[in-house]
2 protein chains.
Amino acid sequence: MPFHLDTFLPYLLSVAAHRTSARFSALYAAEAGLTIPEWRVLAHLDHSGAASVRDIHNLVHLDKSVVSRAASRLELAGLVQKEGDPHDRRLIVLQLTEDGRALMQRLSRVAGSFQAQILSELGADGPALARALRQLGPGQPGD
Amino acid sequence: MPFHLDTFLPYLLSVAAHRTSARFSALYAAEAGLTIPEWRVLAHLDHSGAASVRDIHNLVHLDKSVVSRAASRLELAGLVQKEGDPHDRRLIVLQLTEDGRALMQRLSRVAGSFQAQILSELGADGPALARALRQLGPGQPGD
DNA sequence: TTGACATCGTTGCGCCAGCAACGATACGGT
DNA sequence: ACCGTATCGTTGCTGGCGCAACGATGTCAA
């Protein structure tokens, strides 16, 4: 019996993830020309307050180097402030600037309405999708 | 109200997709050192029979160039046969070789048991996840 | 038939993710 | 205090994706 790719979960996940990210990117491209890593760093800082590169690396599942470069670009753009931690001088404390907070305030509205849009498209399957994705995502055994 | 990244669907999708692909890759890495595009091309050829680069590009959501290069690598590995279409000499007909079919026979068993494993982890949410992913994937409005 | 336009596969190029190596700093045992 | 080890952030490098351009072939209308 041949194998059907279009019922295979890793494939479906990959396609759905790409397409959904692309849809969302198109939305916030109007507000700001952010890459996905940059968006994640901003979003994380927005709800966690100050955080080190390593914190973000662990919690947002981005490689250290990706976080580092995203943070540098965001600093250049004036959205993020980088300063050394006085207690541990290896650490870099990242924090949103005033501009960064203002941007995230607008973007979180965009994100919220996008999320609502997606959920309305999914109907009753929405909650199950979220549960399943959290189950498949890291933080689970072997991570 | 700050924004919570860990309930945001594009983020959850991306993380779940990466992790699930990585888990599956680790499984078939033992059988064959395939990249994800190579795996998709093989899988599609296995259940569609002969197909052109363009067919795969459309149906498997890989860029033309990615399909082209994957096919070249697979031809070098002796898993796929490339020949010109006699009716339309622009087209390249891709087909599994004997070795390719044999490999896919083994890999489809691996894939099947992996799928079963995932579904058992998801429990009752499995079917809803599949439905939701198909809904979010392309082939929907605006694609 | 000819010529304008469309389609197919390949190739070149820019870009970013992922990995490893590095310098700098912190920690722990002796 | 000192030395070996661990951790943090940055940077160089390789490889692959995505886009655009190209040559080759096909199609259709005049």
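Here is how names work: the chains are called A, B, and so on, in the same order as the sequence lines, proteins then strands, and each is numbered from 1.
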Transitively linked via ILVMFWY side-chain contacts under 4.5 Å: A/Leu79 with A/Val93? no
Cluster question for you: counting only ILVMFWY and a side-chain heavy-atom cut-off of under 4.5 Å, with indirect links fine, are A/Leu136 and B/Val15 together?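 Yes; tracing contacts between hydrophobic side chains, which count when under 4.5 Å, links both residues.
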Out of curiosity, [X] [atom1] to [Y] [atom2], how far, rounded to the nearest 0.5 Å?
X: A/His57; Y: A/Ser65; atom1: NE2; atom2: OG; answer: 9.5 Å
X: A/Phe8; Y: B/Ile118; atom1: CZ; atom2: CD1; answer: 8.5 Å
X: A/Gln115; Y: B/His4; atom1: CD; atom2: NE2; answer: 12.5 Å
X: A/Leu45; Y: A/Leu96; atom1: CG; atom2: CG; answer: 5.0 Å
X: A/His61; Y: B/Asp6; atom1: NE2; atom2: CG; answer: 10.0 Å

When you match A/Arg90 and A/Thr35 each to their closest nucleotide on DNA chain C, which lands nearer the 5' end?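 Result of the comparison: A/Thr35.
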Identify, with sequence neighbours excluded, every residue that meets salt bridge (Lys or Arg N to Asp or Glu O under 4.0 Å) alongside [X].
X: B/Arg131; result: A/Asp125
X: A/Asp55; result: none
X: B/Arg106; result: B/Glu31
X: A/Asp99; result: none

Could you pull out all donor-acceptor pairs under 3.5 Å where a side-chain atom in residues 66-75 of chain A meets a protein atom, sequence neighbours excluded?
| from | atom 1 | to | atom 2 | distance (Å) |
| --- | --- | --- | --- | --- |
| A/Ser72 | OG | A/Ser68 | O | 3.1 |
| A/Ser72 | OG | A/Lys82 | NZ | 3.4 |
| A/Arg73 | NE | A/Glu38 | OE2 | 2.4 |

What are the bounds, 5' to 3', of the part of DNA chain D that sits under 4.0 Å from heavy atoms of chain B?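 Range of nucleotides within reach of chain B: D/dC17 to D/dG26.
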Return the residues of residues 64-75 of chain A meeting this criterion: a heavy atom under 4.0 Å from some atom of DNA chain D. Order them by number, or give none. A/Lys64, A/Ser65, A/Ser68, A/Arg69
Any residue in residues 76-87 of chain B with a heavy atom nearer than 4.0 angstrom to DNA chain C? Just list them by number, or reply none.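 DNA chain C contact set from residues 76-87 of chain B: B/Lys82.
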Looking at DNA chain C, which of residues 49-56 of chain B put a heavy atom within less than 4.0 Å of it? B/Ser52, B/Val53, B/Arg54
Both distances under 3.5 Å, Watson-Crick or G-U wobble: on that basis, could you give the dot-bracket string for DNA chain D, with [ ] for crossing pairs and | for other-strand partners? ||||||||||||||||||||||||||||||
What's B/Asp88 touching, base or sugar-phosphate or nothing? Going by heavy atoms closer than 4.0 Å. sugar-phosphate
Considering only residues two or more places apart or on different chains, which pairs with a residue in residues 63-85 of chain A satisfy ring-ring contact (aromatic ring centres under 6.0 Å, His included)?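 Not a single pair qualifies under ring-ring contact (aromatic ring centres under 6.0 Å, His included).
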Closest heavy-atom pair, B/Leu91 versus B/Ser52, reported as atoms and distance to 0.1 Å, is CD2-CB, 4.4 Å
Ignoring hydrogens and angles, are the base of C/dT25 and the side chain of A/Arg89 linked by a donor-acceptor pair under 3.5 Å? no
Tell me, please, which residues at least two apart from B/Phe114 pass ring pair (Phe, Tyr, Trp, His ring centres under 6.0 Å). B/Phe24
Protein-nucleotide distance (B/Asp63, atom CG; C/dG12, atom P), rounded to Å: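 Interatomic distance, CG of B/Asp63 to P of C/dG12: 16 Å.
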